[in-house]
Amino acid sequence: EEEVTALLVGKTWKIQSVTVAGVDKSSMFSGLTLQFTNAGVTASNGGVIWPSSNTWNFTSDQATTIRRNDGVDIQVEATATTLKLTLNWTKTTLGPGRANSVAGEHVFVFGL
């Protein structure tokens with residue numbers, strides 16, 4: 001947990017690509033950034049899938065899964081320069097005046 005936390009914290013992670021059920025949806029998350037602290041995460045341009053602020057904690061002994069305080073579980077694969085986050089989003093919100101989201105497995109790849 002300490003190693004993964006050290007990889008996440010103190011950096012501004014910038015979106016590189018997003019796929020939903022294997023389909024490129026990067027344009028829906030243009031400008032998305034994440035900043036982690038030891039217990040929280042702040043998002044910019046995250047739409048409904050990435051609230052502007054949230055807390056998180058590890059849910060696996062291997063530090064491969066985190067759970068946000070809104071109950072969303074996220075698989076984490078981190079290196080010193082890349083971050084891959086995978087989550088299953090169950091809601092579809094498409095329409096005028098609403099933030100867009102598509103249900104399915106979302107794979108977010110971030111860089112520095």
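- Among all heavy-atom pairs drawn from Leu34 and Ala43, the shortest one is CD2-CB, 3.6 Å.
- Ring-plane geometry between Phe58 and Trp56 is classed as perpendicular, the angle between the planes exceeding 60 degrees on a 0 to 90 degree scale with a lower cut at 30.
- No chain of hydrophobic side-chain contacts below 4.5 Å, direct or via other Ile, Leu, Val, Met, Phe, Trp or Tyr residues, connects Val107 to Leu83.
- Looking only at side-chain heavy atoms (C-beta outward), Glu105 and Thr86 come within less than 4.5 Å of each other.
- Trp89 and Met28 fall within a single hydrophobic cluster, where Ile, Leu, Val, Met, Phe, Trp and Tyr side chains are chained together by heavy-atom contacts under 4.5 Å.
- Residues meeting the side-chain contact (heavy atoms from CB on, under 4.5 Å) test with Gln35, sequence neighbours left out: Thr12.
- Each of Arg68, Glu1, Arg67 was evaluated against Asn57; a single residue qualifies, Arg67, per the side chain to side chain contact (heavy atoms under 4.5 Å, CB included) test.
- Following chains of ILVMFWY side-chain contacts shorter than 4.5 Å, one can reach Phe36 starting from Ile74, so the two form part of one hydrophobic cluster.
- A search for side-chain hydrogen bond (donor to acceptor under 3.5 Å, both in side chains) contacts involving Ser27 returns nothing, not counting sequence neighbours.
- Remark: of the listed residues Thr82, Leu32, Val18, Leu32 is the sole one forming a side chain to side chain contact (heavy atoms under 4.5 Å, CB included) with Phe110.
- Here the shortest heavy-atom pairing between Ser60 and Thr65 reads OG-N, 3.2 Å.
- Within 6.0 Å of CG in Asp70 there are more than 12 heavy atoms belonging to other residues, nucleotides or ligands.
- Val4 and Ile66 fall within the same hydrophobic cluster, defined by Ile, Leu, Val, Met, Phe, Trp and Tyr side-chain heavy atoms under 4.5 Å apart, directly or through other members.
- Within the 4.5 Å cutoff, no side-chain heavy atoms of Thr5 are placed close to those of Glu3.
- Contact between Val109 and Ile15 at its shortest, heavy atoms only, is O-CD1, 3.5 Å.
- In terms of heavy atoms, Asn45 sits closest to Gly31 at ND2-O, 3.0 Å.
- Counting non-hydrogen atoms of neighbouring residues, nucleotides and ligands closer than 6.0 angstrom, the NZ atom of Lys84 reaches no more than 12 such neighbours.
- Taking 4.5 Å as the limit, every side-chain heavy atom of Leu7 sits out of range of all side-chain heavy atoms of Thr79.
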Check: residues 46-53 side-chain donor-acceptor pairs under 3.5 Å, at least two apart:
none

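- Listed for the Trp13 side chain is a donor-acceptor partner under 3.5 Å among the backbone atoms of Leu8.
- Closest approach of Ser17 and Ser26 over heavy atoms only: CA-OG, 3.4 Å.
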